[in-house]
Amino acid sequence: MSATHRRGGVVDHRLVRSLAPLCLALACSGVDVQDADQHGAGDDETGALPLPSAAIEAPYLVGDLACAEPSLVGAGERELEPQEETELPPPAGLPELLAEIRARGGRPALHFDTRAAGRLLNVRVPVRSHQVHRSADGVSDVAVDLGALTVRLTQAAGTGGGEPELVLPTTLPLDQVVVLKTYTREPTASGLGPASLAMVSVFDRRDEAAGPVATLAIDEQVPLAREADCDALAYELAAEVPPVAVSFPPLSSCTVDECAKTRAAWLRANHDLFRVRQMLDFVASSPPEERAFLWAAQGGSESGERLMSYESDDVGPNTALEFYFGPYAEYRLQAIRTAYSRLWRTFHEHEVGGLELDIECTPDGPGDICNTTRPGGHHAVKSNMKLCAKAYSTPSQAFDVPRLVLHESMHHMFVPWKDTTPRLSPIMDTHTHGHGALCAGKLVTDKGYGLKKIKHLASYENEREDDCWHNNYAFRNNDTYAYAAATIGTYIRFGYLARWPLEQPPKQEENLPDPDCGMPGVDTPPPGFSDPLSGCYKSNGELVCPGAHGGLSPGALDIAVICEPL
């Protein structure tokens with residue numbers, strides 16, 4: 001089914017930085033419109049957020065799961081051909097939307113909304129051609145294992161053999177089908193109840209915007225194997241993840257517990273990847289003169305407090321993109337956005353260099369890296385990611401394992417970029433970097449693992465204020481991408497980070513306050529606005545998201561409007 005998801009906010013002009021949340025349905029998290037008023041959005045009856053205050057205590061996120069680098073064979077750098085692009089355009093319509101907010105006297109920001117955490121999970125299950133059975137009379141059918149149950153898709157009724165059956169039109173080839181599983185969790189007195197499969201929908205993936213071609217409501221009449229439903233167990237483990245649409249890669253050699261932990265990590269990593277892409281898209285869609293400011297900008301809590309920690313001064317600064325990738329440069333912004341875009345495709349298409357990504361749990365081969373050097377995981381064989389025993393025993397499942405999954409998914413990836421000479425470079429763990437006045441002394445070849453080395457690549461300068469190419473290694477370092485996404489995403493998931501940027505760029509010109517600030521209809525995106533992440537699109541003045549269920553969208557880019565006092 002298709003659904004629209006829009007939310008307007010009331011603006012309090014008495015506050016310098018009051019926020020009126022205007023939620024646009026995009027790709028990763030969404031809020032139930034019916035419940036929006038029940039949660040409360042601020043400290044007064046207007047729903048405005050209070051002014052920034054001092055600081056809020058947040059954890060210092062340090063992963064201890066080591067990784068193993070695959071062979072460097074075939075990981076050479078080359079110059080780009082003239083027709084190869086090094087820039088990724090911003091999402092269609094987003095620059096226009098942010099420009100309209102400014103034209104109305106407002107300042108745009110991101111307001112991350114997690115109020116519906118744990119309430120909805122949409123799992124996409126594509127049907128592959130090798131799964132389809134074709135009978136002698138030309139009728140096609142396929143049995144799709146959905147974990148909790150098996151559903152038969154057919155083009156002729158009566159072939160189900162006792163399994164729930166969905167009859168599809170003959171004009172829809174079964175290898176062009178995507179099945180959407182919708183899980184819900186109902187609130188209880190003590191929190192949320194168990195995750196339950198509520199609906200199975202079938203879409204034509206050539207035109208998902210047309211809506212489902214068939215649906216199956218799950219009730220007490222449909223027998224379910226709940227104890228073996230890994231997806232439901234995963235969402236219960238990752239209960240802090242907002243409503244999300246995800247596609248899980250194939251798993252092998254996993255116990256039910258390992259399956260649930262692996263998919264919980266994938267859910268979290270999918271969310272975290274989306275959030276850092278929101279920030280990058282926001283920067284790329286903003287005026288060029290504001291990008292360096294936004295690149296270095298920190299975020300804060302729902303009430304505008306800065307993040308801090310008694311453990312490390314890094315908390316707070318580590319909500320800024322600059323912390324991980326070094327000072328702003330346009331070519332680095334474009335390279336990083338391109339790399340994260342390719343990682344998103346890996347997460348949803350499960351394709352690595354023409355091969356299908358799969359994840360193997362705790363391999364038992366005595367010569368496997370998991371059983372020799374014993375890292376948290378490795379991606380030594382292209383498209384085959386292995387998670388080792390440490391990944392399932394770490395006490396920090398909510399941060400360590402999503403970071404590990406993001407890190408390993410970056411292997412076998414190349415990023416195009418252009419500083420002086422356009423080139424295509426591998427994203428790797430190991431780098432040789434020089435230091436000193438001529439950048440040729442103190443040559444070090446090491447792996448860029450952990451925050452200390454990530455910060456070194458992002459912040460090194462010699463006495464001549466030359467970074468000695470460190471910043472260019474920062475955006476070609478696996479762990480940099482993994483830490484940036486996992487840290488920002490974890491802070492958002494657990495409610496520490498709710499606003500970004502916390503402070504606004506200096507105005508280029510002074511405009512009188514606009515009484516209509518926050519009320520320009522920006523909750524209706526401009527023509528051309530589309531979401532490349534989940535397929536949401538503008539139709540007749542409304543944003544439509546295929547695959548939404550029960551009034552919830554599979555995603556949201558949360559735009560806030562900051563207004564100055566009249």
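Note that these values count all heavy atoms, side chains included, but never hydrogens, waters or copies made by symmetry. Count residues from 1 along the sequence. Since the model is a prediction, treat every value here as computed from it, not as a measurement.
- When the ring-ring contact (aromatic ring centres under 6.0 Å, His included) test is applied to Y496, no partner is found at least two apart in sequence or on another chain.
- Salt bridge status for D419 with R332: absent, with no side-chain N to carboxylate O gap under 4.0 Å.
- Contacts of C67 classified as disulfide (SG to SG under 2.5 Å), with partners at least two apart in sequence or in another chain: none.
- Between E330 and R291 there is a salt bridge, with a side-chain nitrogen of the basic residue lying less than 4.0 Å from a carboxylate oxygen of the acidic one.
- A perpendicular orientation is assigned to the rings of H379 and H412, their planes being inclined by more than 60° (bins at 30° and 60°).
- Within the 4.5 Å cutoff, the side chain of Y340 has heavy atoms near those of the L280 side chain.
- The six-membered or imidazole ring of W500 lies away from that of F112, with a centre-to-centre distance of 6.0 Å or more.
- With ring centers used as reference points, H435 lies under 6.0 Å from H470.
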When you look at T114 and E240, which way does the side-chain hydrogen bond (donor to acceptor under 3.5 Å, both in side chains) test go after all the steps?
CA-CA 8 Å; T114 60; E240 81 284 0; over 6 Å; no

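- Tested against R423 for a salt bridge (Lys or Arg N to Asp or Glu O under 4.0 Å), the candidates E79, E77, E84, E81 yield a single pass: E77.
- Two residues are said to be in side-chain contact when any heavy atoms from C-beta on lie closer than 4.5 Å; D281 and R337 meet this criterion.
- With respect to D272 and R493, a salt bridge is recorded, a charged nitrogen being found less than 4.0 Å from a carboxylate O.
- Taking the six-membered ring for Trp and the full ring otherwise, Y481 and H407 have centroids separated by 6.0 Å or more.
- The backbone N or O of L438 lies less than 3.5 Å from no partner atom in the side chain of R464, so there is not a single donor-acceptor pair.
- Using a 4.0 Å cut-off between charged side-chain N and carboxylate O, E87 and K418 make no salt bridge.
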For disulfide bond (SG atoms under 2.5 Å apart), just list the numbers for C259 and C254, CA-CA rounded to whole Å, side-chain angles, deciding distance to a tenth of an Å, and then say yes or no.
CA-CA 5 Å; C259 175; C254 304; 5.9 Å; no

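- Note on E503 versus R306: salt bridge recorded, some NZ/NE/NH1/NH2 to OD/OE distance being below 4.0 Å.
- Checked against a 6.0 Å centroid threshold, the rings of Y473 and W469 count as neighbours.
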Distance-only donor-acceptor hits, side chain of residues 351-361, under 3.5 Å, sequence neighbours excluded:
| from | atom 1 | to | atom 2 | distance (Å) |
| --- | --- | --- | --- | --- |
| E351 | OE2 | G353 | N | 3.3 |
| E351 | OE2 | G354 | N | 2.2 |
| D358 | OD2 | N384 | ND2 | 2.8 |

Apply the test side chain to side chain contact (heavy atoms under 4.5 Å, CB included) to residues L237 and Q397: give CA-CA distance (whole Å), side-chain angles for both, the deciding distance (0.1 Å), then the verdict.
CA-CA 9 Å; L237 289 176; Q397 291 286 321; over 6 Å; no

